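Heads up: the structure comes next, in structure tokens.
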Amino acid sequence: MINNKKVLAIIPARGGSKGIPKKNIKRLNNKPLIQYSIDIAKKSQYIDSVVVSTDCEEISSTSMGLGAKVVKRPDYLSEDDSLVVDAIKYTINELDDEYDFIILLEPTSPLRSLEVIENCINKLLDKEIECVATFCETDLPPARVWKISNNDIELFFKNSNPWLPRQKLEKGYQLNGLVYGIKQEVFMNNPSRILTDKISPVITSRDMSIDIDSMLDFKLVELIMKERNE
């Protein structure tokens, strides 16, 4: 709890994964992938409850064994085209307790830090802020992005100059999925999206921002963790 505000962390983890079967419980550096998100959420002094939303019995039993609560979601919320916002709404409605802030932690981002999570939660204390999200700098400055259609090539931003030194080009930022946060009242009044216009960014490093979507990502993250002795 922070300033008498109750905080719920939701970890969405459906069982179906086409690229990496059982990805959310696949072992990464000798731990199930989902454990990194559960463990760091439990370490936070601000988070009151950690809940895993899943349709999978294996993920459910693994999560409960790690000390998280579980809300089993129906199959229609676990399809390839299902929206995570619908799973969040279902999870909230299934819980008995009321919360002030909802924090979404994707299990595929195991490199996030406790500091980033708590920075996001702190920002939600501002009355003018409805939601927060983490961003990192893009690999390329926006001025160096091109469009190719039917072999026609043109700059994505027509008036930009991609030939300037990188240091003189304006930086671009992208959502990296480490943390999303929103006031519960705001979300329940508009549950079709997790972000609103009154959003505040938390900027993180790119090396923290790896989202595991392939075996190459798995190997890269495992290497980073070994180098950090994690």
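These figures come from a predicted structure and were not determined experimentally.
- By the salt bridge (charged side-chain N to carboxylate O under 4.0 Å, His left out) test, Lys42 pairs with no residue at all, sequence neighbours left out.
- With respect to the salt-bridge test (charged N to carboxylate O, under 4.0 angstrom), the residues Lys147 and Asp152 do not qualify.
- Met1 forms part of no hydrophobic cluster, judged by ILVMFWY side-chain heavy-atom separations under 4.5 Å.
- Checked against side-chain contact (heavy atoms from CB on, under 4.5 Å), Gln45 has the following partners two or more places apart in sequence or in another chain: Glu118.
- Looking at Asp80 and Arg14, a side-chain N of the basic residue comes within less than 4.0 Å of a carboxylate O on the acidic one, giving a salt bridge.
- In terms of modelled atom types and a separation under 3.5 Å, the side chain of Lys123 and the main chain of Pro201 share a donor-acceptor contact.
- Of all heavy-atom pairs between Ser160 and Ala143, the closest is OG-O, 3.5 Å.
- Asp197 meets the salt bridge (charged side-chain N to carboxylate O under 4.0 Å, His left out) test with no other residue; sequence neighbours excluded.
- Distance alone, capped at 3.5 Å, is enough to place a donor-acceptor pair between the Thr54 side chain and the Ala13 backbone.
- Within the 3.5 Å criterion, the main-chain N or O of Lys183 finds no donor-acceptor partner in the side chain of Asp100.
- Using a distance-only test at 3.5 Å, with no hydrogens or angles considered, a donor-acceptor pair links the side chain of Thr138 to the main chain of Gly172.
- Donor-acceptor pairing under 3.5 Å is lacking for the side chains of Ser200 and Asp126.
- Under the side-chain contact (heavy atoms from CB on, under 4.5 Å) criterion, Met64 pairs with Ser60, Val70, sequence neighbours left out.
- Taking Glu58 as the reference, Lys22 meet the salt bridge (charged side-chain N to carboxylate O under 4.0 Å, His left out) condition, with sequence neighbours excluded.
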